[in-house]
Chemist: 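Let me begin by handing over the structure; questions about it come next.
In what follows, every heavy atom counts, from backbone to side chain, and hydrogens, waters and symmetry copies are set aside.
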Amino acid sequence: PIAGKGKILTQISVFWFDFLKGIVPNHLITADIAEMPASVQKYREQLDGRSLLVKNVEVLPIEAIVRGYITGSGWKEYKTKGSVCDIELPAGLRESQKLPEPLFTPSTKADYGDHDMNIHPDKCAEIIGKERAEEMAKTAIALYTKAAEYAASKGIIIADTKFEFGVDKEGKMILIDEVLTPDSSRFWPAASYKVGAAQNSYDKQYLRDYLTSIDFDMKTQIDLPPTVLDNTIKKYIEAYVKLTGNRPEL
């Protein structure tokens with residue numbers, strides 16, 4: 001566990017839910033534990049700052065990924081096939097380069113323990129229906145575009161992100177889960193951004209890089225060094241401060 005990370009993720013999500021509510025409704029009812037049911041309040045010590053009261057909706061089985069820059073798994077596919085999620089891209093792109101326009105590159109929402117699988121947008125339409133898939137793609141790109149423009153004004157590049165959506169009792173699609181956190185997005189410091197290489201980041205890529213450096217087998221339980229824990233949480237705090245102008249409550 002990384003002490004305080006859950007509280008920061010919760011506060012970042014609450015910030016973005018409010019900032020983006022003009023584009024699409026979301027599932028957030030309250031983040032204030034005092035407004036939650038008594039059955040929840042009796043666990044205040046554990047849940048305060050780490051939990052949201054949300055609407056109960058039908059979750060759509062798609063990870064709505066939007067990429068504004070070519071990196072990560074998208075870069076790996078592009079190097080071998082010239083595409084991302086089988087969407088053909090212009091030749092000659094370099095690692096971390098900004099794409100001509102944001103791409104909707106969905107993935108399946110895997111069961112716990114399995115890996116999500118990148119899919120072509122046409123496959124998304126087969127899973128949730130053409131009309132809903134088109135609505136999801138349009139909404140996800142609008143959310144990413146507004147958030148990326150705001151973050152850029154704060155010195156942060158949002159290279160890519162993942163949104164999740166559900167359908168409420170009235171049949172309307174709404175934004176759910178977490179949104180635009182360092183766990184669901186790649187945040188890069190604009191000041192050090194340079195095309196043609198991997199970037200420094202505010203997200204969990206720092207932790208991934210450490211695990212890669214020790215050849216972690218993704219199975220064995222290990223204890224992370226205190227310096228790795230400290231540096232990871234510092235990146236999350238820095239991202240929150242830059243985006244909101246406030247210090248997180250930990």
Chemist: Answer yes or no: is there a side-chain heavy-atom contact under 4.5 Å between L9 and P182?
Modeler: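 The answer is yes; the side chains approach within 4.5 Å.
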Chemist: Applying the 4.5 Å side-chain criterion to the ILVMFWY set and letting contacts propagate, would L52 and Y43 be lumped into a single cluster?
Modeler: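 Looking at the clustering, Y43 is in a separate group from L52.
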Chemist: For E63 versus T108, what's the shortest heavy-atom pair and its separation?
Modeler: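 Nearest pair, atom of E63 first, then T108: CG-O, 3.7 Å.
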Chemist: Less than 4.5 Å apart, side chain to side chain, heavy atoms only: is that true for T71 and W188?
Modeler: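 Heavy-atom side-chain distance check passes, below 4.5 Å.
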Chemist: What pair of heavy atoms forms the shortest contact from F187 to L243, and how long is it?
Modeler: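 Distance-wise, the nearest heavy atoms are CE1-CD1, 4.0 Å.
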Chemist: Is the shortest heavy-atom distance from the side chain of L207 to the side chain of L224 under 4.5 Å?
Modeler: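 The answer is yes, as the side chains (C-beta and beyond) meet within the 4.5 Å cut-off.
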Chemist: Which heavy atom in I233 sits nearest to a heavy atom in D230, and how many Å separate them?
Modeler: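 So the minimum-distance heavy-atom pair works out to CG2-O, 3.2 Å.
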Chemist: Ignoring hydrogens, what is the shortest heavy-atom contact between P100 and P90? Give both atom names and the distance.
Modeler: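 Closest approach of P100 to P90, heavy atoms only: CG-CG, 4.2 Å.
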Chemist: Count the heavy atoms of every other residue, nucleotide or ligand shown that sit under 6.0 Å from CD of E249, and state whether that count exceeds 12.
Modeler: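 No - once you tally the heavy atoms of other residues, nucleotides and ligands closer than 6.0 Å, there are 12 at most.
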Chemist: When you measure from the side chain of D48 to the backbone of R44, do you find a donor-acceptor pair of N or O atoms at a distance under 3.5 Å?
Modeler: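 Here the side-chain-to-backbone pair does not exist.
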Chemist: In terms of hydrophobic clustering (I, L, V, M, F, W, Y; side-chain heavy atoms under 4.5 Å; direct or indirect links), are I141 and V84 co-clustered?
Modeler: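 Not linked; separate clusters.
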Chemist: Does the pair E135/K138 count as a salt bridge with the N-to-O cut at 4.0 Å?
Modeler: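 No, no charged N to carboxylate O under 4.0 Å.
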Chemist: Run the numbers on L53 and V40 for side-chain contact (heavy atoms from CB on, under 4.5 Å), then give the verdict.
Modeler: CA-CA 10 Å; L53 183 66; V40 175; 5.7 Å; no
Chemist: If you define the side chain from C-beta out and look only at heavy atoms, does anything of I33 sit under 4.5 Å from L47?
Modeler: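 The answer is yes, as the side chains (C-beta and beyond) meet within the 4.5 Å cut-off.
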Chemist: Any idea which heavy atoms bring D160 and R186 closest together, and the distance?
Modeler: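 Taking every non-hydrogen atom into account, OD2-NH1, 2.8 Å.
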Chemist: Going by ring pair (Phe, Tyr, Trp, His ring centres under 6.0 Å), name the residues that satisfy it together with F216, two or more places apart in sequence or in a different chain.
Modeler: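 Applying ring pair (Phe, Tyr, Trp, His ring centres under 6.0 Å) to F216 gives none.
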Chemist: Can you tell if the side chain of I62 reaches within under 4.5 Å of the side chain of I128, non-hydrogen atoms only?
Modeler: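 Yes, side chains in contact.
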Chemist: Kindly check if the number of other-residue, nucleotide or ligand heavy atoms within 6.0 Å of CG (D223) is above 12?
Modeler: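 Atom CG in D223 is not crowded, with 12 or fewer foreign heavy atoms closer than 6.0 Å.
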Chemist: Does this structure show an ion pair linking K130 with E134, if we count only N-O contacts that are shorter than 4.0 Å?
Modeler: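 Salt bridge flag = yes for E134 with K130.
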Chemist: Same hydrophobic cluster for I65 and M173, using side-chain heavy-atom links shorter than 4.5 Å among ILVMFWY?
Modeler: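 Different clusters.
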Chemist: Can you find a heavy atom in the side chain of I12 that is under 4.5 Å from one in the side chain of T244?
Modeler: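 Result no, sub-4.5 Å side-chain heavy-atom pair not found.
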Chemist: Checking Q199 against S192 for the side-chain hydrogen bond (donor to acceptor under 3.5 Å, both in side chains) test, could you report, in this order, the C-alpha distance in whole Å, the side-chain angles of both residues, the deciding distance, and whether it holds?
Modeler: CA-CA 8 Å; Q199 307 297 308; S192 62; 5.5 Å; no
Chemist: Does D183 reach the side chain of Y236, with side-chain heavy atoms less than 4.5 Å apart?
Modeler: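 In contact.
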Chemist: Which word best sums up how the rings of Y150 and F15 line up, parallel for under 30°, tilted for 30 to 60°, or perpendicular for over 60°?
Modeler: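 If you compare the ring of Y150 with that of F15, the planes turn out tilted.
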Chemist: Decide yes or no on side-chain contact (heavy atoms from CB on, under 4.5 Å) for I127 and I119, but give the supporting numbers first.
Modeler: CA-CA 11 Å; I127 296 172; I119 57 175; 4.0 Å; yes
Chemist: Given the rule in the side-chain contact (heavy atoms from CB on, under 4.5 Å) test, do L143 and T161 qualify, once you have shown the distances and angles that lead to the verdict?
Modeler: CA-CA 10 Å; L143 289 168; T161 194; over 6 Å; no
Chemist: Can you find a heavy atom in the side chain of D86 that is under 4.5 Å from one in the side chain of E77?
Modeler: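 Heavy-atom side-chain distance check passes, below 4.5 Å.
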Chemist: Under 3.5 Å, which donor-acceptor pairs link side chains of residues 22-31 to any protein atom two or more places apart or in another chain?
Modeler:
from : atom 1 : to   : atom 2 : distance (Å)
N26  : OD1    : L28  : N      : 3.0
N26  : ND2    : F17  : O      : 3.2
H27  : NE2    : D177 : N      : 3.0
T30  : OG1    : D32  : N      : 3.0
T30  : OG1    : E35  : OE1    : 2.6

Chemist: Determine whether F163 and Y144 satisfy the following criterion, side-chain contact (heavy atoms from CB on, under 4.5 Å), listing intermediate values before the conclusion.
Modeler: CA-CA 9 Å; F163 300 108; Y144 170 81; 4.2 Å; yes
Chemist: What closest approach, in Å, do L89 and Y78 show between heavy atoms, and which atom pair accounts for it?
Modeler: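 Smallest heavy-atom distance, with atoms named: CB-CE1, 3.9 Å.
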Chemist: Counting only heavy atoms not in N246 (residues, nucleotides, ligands), do more than 12 fall under 6.0 Å from its CG?
Modeler: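 Yes, enclosed.
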Chemist: Verify the neighbour count for atom NZ of K123: are there more than 12 heavy atoms of other residues, nucleotides or ligands below 6.0 Å?
Modeler: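 Count not over threshold, so no.
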Chemist: Please say yes or no: joined through hydrophobic side-chain contacts below 4.5 Å, possibly via intermediate residues, are V14 and I174 part of one cluster?
Modeler: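 The answer is no; the residues belong to distinct hydrophobic clusters.
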Chemist: In terms of hydrophobic clustering (I, L, V, M, F, W, Y; side-chain heavy atoms under 4.5 Å; direct or indirect links), are I157 and V179 co-clustered?
Modeler: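 I157 and V179: one cluster.
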